[in-house]
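Every value quoted in this text rests on a predicted model; they were computed, and no experiment measured them.
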Amino acid sequence: MASNGSVTSSFDNISLPANRPAQHGTWTPELDASMRAREASSVQTKPSNYVPPEYFPNGKRSLAGIGLRAFLLGNAAVFGFFFAAQLAYHSSHLWRPFLFLGTLSVFHFLEFYTTAAYNTPDAKISSFLLTNGAQYRVAHSLALLETIVTSYLLPGWQSKVHSPLAILAGICMVLVGQVVRSTAMAQAGTNFNHQVQSKKNEGHELVTRGLYAYFRHPSYFGFFWWGIGTQLMIGNAVCTLGYAGVLWYFFMKRITHEEKHLVQFFGKDYETYRANTRVWIPFI
């Protein structure tokens, strides 16, 4: 009860800002605006140096994770190429698995680097393609096993079926495949994605310039011949045939699936483009 007999309440003037002055004066629009501006200035906002959680360890764009993987791949590449050269110089057939290791390391590093440089919004730890499915890991494990076994136990047989000309042909296929794939990723820019897209993203356009004027799927062409070239380069007779069959089946299914969506996205423009270009993978 106030001294004048009126009832007081804790809810008096509840609409005024929390930091209202102790002495109540005449209300004016200017005073109200001033009070509310003062109140808003006290509200906490994200600091200017705020970093999203996905960039911290265990995040999908973890800078620590990206740096560590790039460091390990760089060391693996140097280690592989160095020992491949040393063993080849001393006429040891065991240069093959080390060359395979170095080649794989360069490929996975370039997958991330090209994505980060030309498709920055999509650059994540997964862009290294180090976790590219169980079948991918099994294929490379079998290839490494075959080249170690044949190089160590059957060097004479390996020399007969794996001539210097075959090694050179394999190296050329690897180089051409890698250059074409990385160039295709760069020219596609933000239109490139490691996963087939079932919905058209904002800004997604049909790329028909550069390599895409001649290849309908140049990144697939590059990986197909790169994969077969690695096996020919290191003298894997079984895995050369296996890679050719598996990669052909994989890209046949993937291209068929992807082109259905591309027709939905771009309609007659894609049908015209498809009629004037080729995949450049045999029988696809």
Would you mind writing out the side-chain donor-acceptor pairs for residues 207-214 within the sub-3.5 Å range, not counting sequence neighbours?
residue : atom : partner : partner atom : Å
Arg209  : NH2  : Gln187  : O            : 3.2
Tyr212  : OH   : Ala184  : O            : 3.1

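Judged as a ring pair (Phe, Tyr, Trp, His ring centres under 6.0 Å), and not counting sequence neighbours, Trp95 has no contacts.
Closest heavy-atom contact between Thr150 and Gln158: OG1-NE2, 3.0 Å. Closest approach of Ser151 and Leu94 over heavy atoms only: CB-CD2, 3.9 Å. Scanning both residues, Cys239 and Gln231, for their nearest heavy atoms gives CB-OE1, 3.2 Å. Counting all heavy atoms, side chain and backbone alike, Phe98 lies closest to Ala84 at CB-N, 3.8 Å. In this structure, Leu232 and Thr240 approach most closely via the heavy-atom pair N-OG1, 3.6 Å. Of all heavy-atom pairs between Phe266 and Glu205, the closest is CZ-C, 3.6 Å.
Both Phe128 and Phe100 belong to a common hydrophobic cluster when Ile, Leu, Val, Met, Phe, Trp and Tyr are linked at side-chain heavy-atom distances under 4.5 angstrom. There is a path of hydrophobic side-chain contacts, each under 4.5 Å, that joins Trp157 to Leu145. Both Met173 and Leu104 are members of a single hydrophobic cluster when ILVMFWY side chains are connected at heavy-atom separations under 4.5 Å. There is a path of hydrophobic side-chain contacts, each under 4.5 Å, that joins Met233 to Leu175. Hydrophobic clustering places Phe250 together with Val279 (ILVMFWY residues linked when any side-chain heavy atoms are closer than 4.5 Å, directly or through intermediates).
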Self-check item: Pair Glu146-Ile234, side chain to side chain contact (heavy atoms under 4.5 Å, CB included): steps then yes or no
Solution: CA-CA 10 Å; Glu146 180 182 351; Ile234 61 177; over 6 Å; no
Quiz item: What's the verdict on side chain to side chain contact (heavy atoms under 4.5 Å, CB included) for Asn132 and Leu129, showing C-alpha distance, side-chain angles and the deciding distance?
Solution: CA-CA 5 Å; Asn132 200 23; Leu129 290 190; 4.0 Å; yes
Practice problem: Walk me through it: do Phe107 and Phe223 pass the test ring-ring contact (aromatic ring centres under 6.0 Å, His included)? | Solution: CA-CA 10 Å; Phe107 169 79; Phe223 187 83; 5.5 Å; yes
Exercise. Show your working on ring-ring contact (aromatic ring centres under 6.0 Å, His included) between Tyr136 and His108 and close with a plain yes or no.
Key: CA-CA 13 Å; Tyr136 182 83; His108 285 289; 5.7 Å; yes
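Here the straight-line distance linking atom CG of Leu206 with atom NZ of Lys200 works out to 9.0 Å at 0.5 Å rounding. Distance check: Ile171 CD1 to Thr230 OG1 gives 12.0 Å after rounding to the nearest 0.5 Å. Ile255 CD1 to Phe221 CZ: the interatomic distance, rounded to the nearest 0.5 Å, is 11.5 Å. For the atom pair CZ of Arg278 and NE2 of His217, the computed distance is 13.5 Å after rounding to the nearest 0.5 Å. Note that CZ of Arg216 and OH of Tyr273 are 7.5 Å apart. Values are rounded to the nearest 0.5 Å. Separating the CZ atom in Phe56 from the OG atom in Ser62 is a distance of 9.5 Å, to the nearest 0.5 Å.
In this structure the side chain of Ile125 never reaches within 4.5 angstrom of the side chain of Arg61, judged on heavy atoms. Inter-residue side-chain proximity for Val149 and Leu154 is flagged as unmet; no heavy-atom pair is nearer than 4.5 Å. In this structure the side chain of Phe112 reaches within 4.5 angstrom of the side chain of Ile66, judged on heavy atoms. Side-chain contact between Leu72 and Asn75: absent, with no pair of heavy atoms (C-beta onward) separated by less than 4.5 Å.
For the 3.5 Å distance criterion, the side chains of His93 and Arg96 qualify, holding a donor opposite an acceptor. There is no side-chain donor-acceptor pair under 3.5 Å between Gln197 and His204. Tyr270 and Glu259 share a donor-acceptor pair across their side chains, judged by distance under 3.5 Å alone. Thr115 and Glu111 are not linked by any side-chain donor-acceptor pair at a separation below 3.5 angstrom, with hydrogens and angles left out of the test.
The number of heavy-atom neighbours closer than 6.0 Å to CG of Asn58, taken from other residues, nucleotides and ligands shown, is 12 or below. Heavy atoms of other residues, nucleotides or ligands lying less than 6.0 angstrom from OH of Tyr113 number 12 at most.
Between Lys124 and Glu54 there is no salt bridge, since no side-chain N of the basic residue sits under 4.0 Å from a carboxylate O of the acidic one.
No option in Phe81, Phe82, Phe83 other than Phe83 meets the ring pair (Phe, Tyr, Trp, His ring centres under 6.0 Å) test with Phe79. Checked options Phe283, Tyr220, Tyr243; the residue passing with Phe251 is Tyr220 (criterion: ring pair (Phe, Tyr, Trp, His ring centres under 6.0 Å)).
When atom types are taken as modelled, the side chain of Trp248 and the backbone of Pro282 share a donor-acceptor pair closer than 3.5 angstrom. Remark: the backbone N or O of Leu99 is paired with a side-chain donor or acceptor of Thr103 at under 3.5 angstrom. Not a single donor-acceptor pair under 3.5 Å links the side chain of Thr147 to the backbone N or O of Ala143. The backbone N or O of Val238 sits nowhere less than 3.5 Å from a side-chain atom of Asn236 that would complete a donor-acceptor pair. Judged by distance alone, the side chain of Asn191 and the main-chain N or O of Ala188 form a donor-acceptor pair under 3.5 Å. Looking at Ser182, its side chain does come within 3.5 Å of a backbone N or O of Gln178 through a donor-acceptor pair. A donor-acceptor pair under 3.5 Å is formed between the side chain of Arg181 and the backbone N or O of Ser219.
Between His261 and Phe265, the two ring planes are parallel [angle under 30°; tilted spans 30° to 60°].
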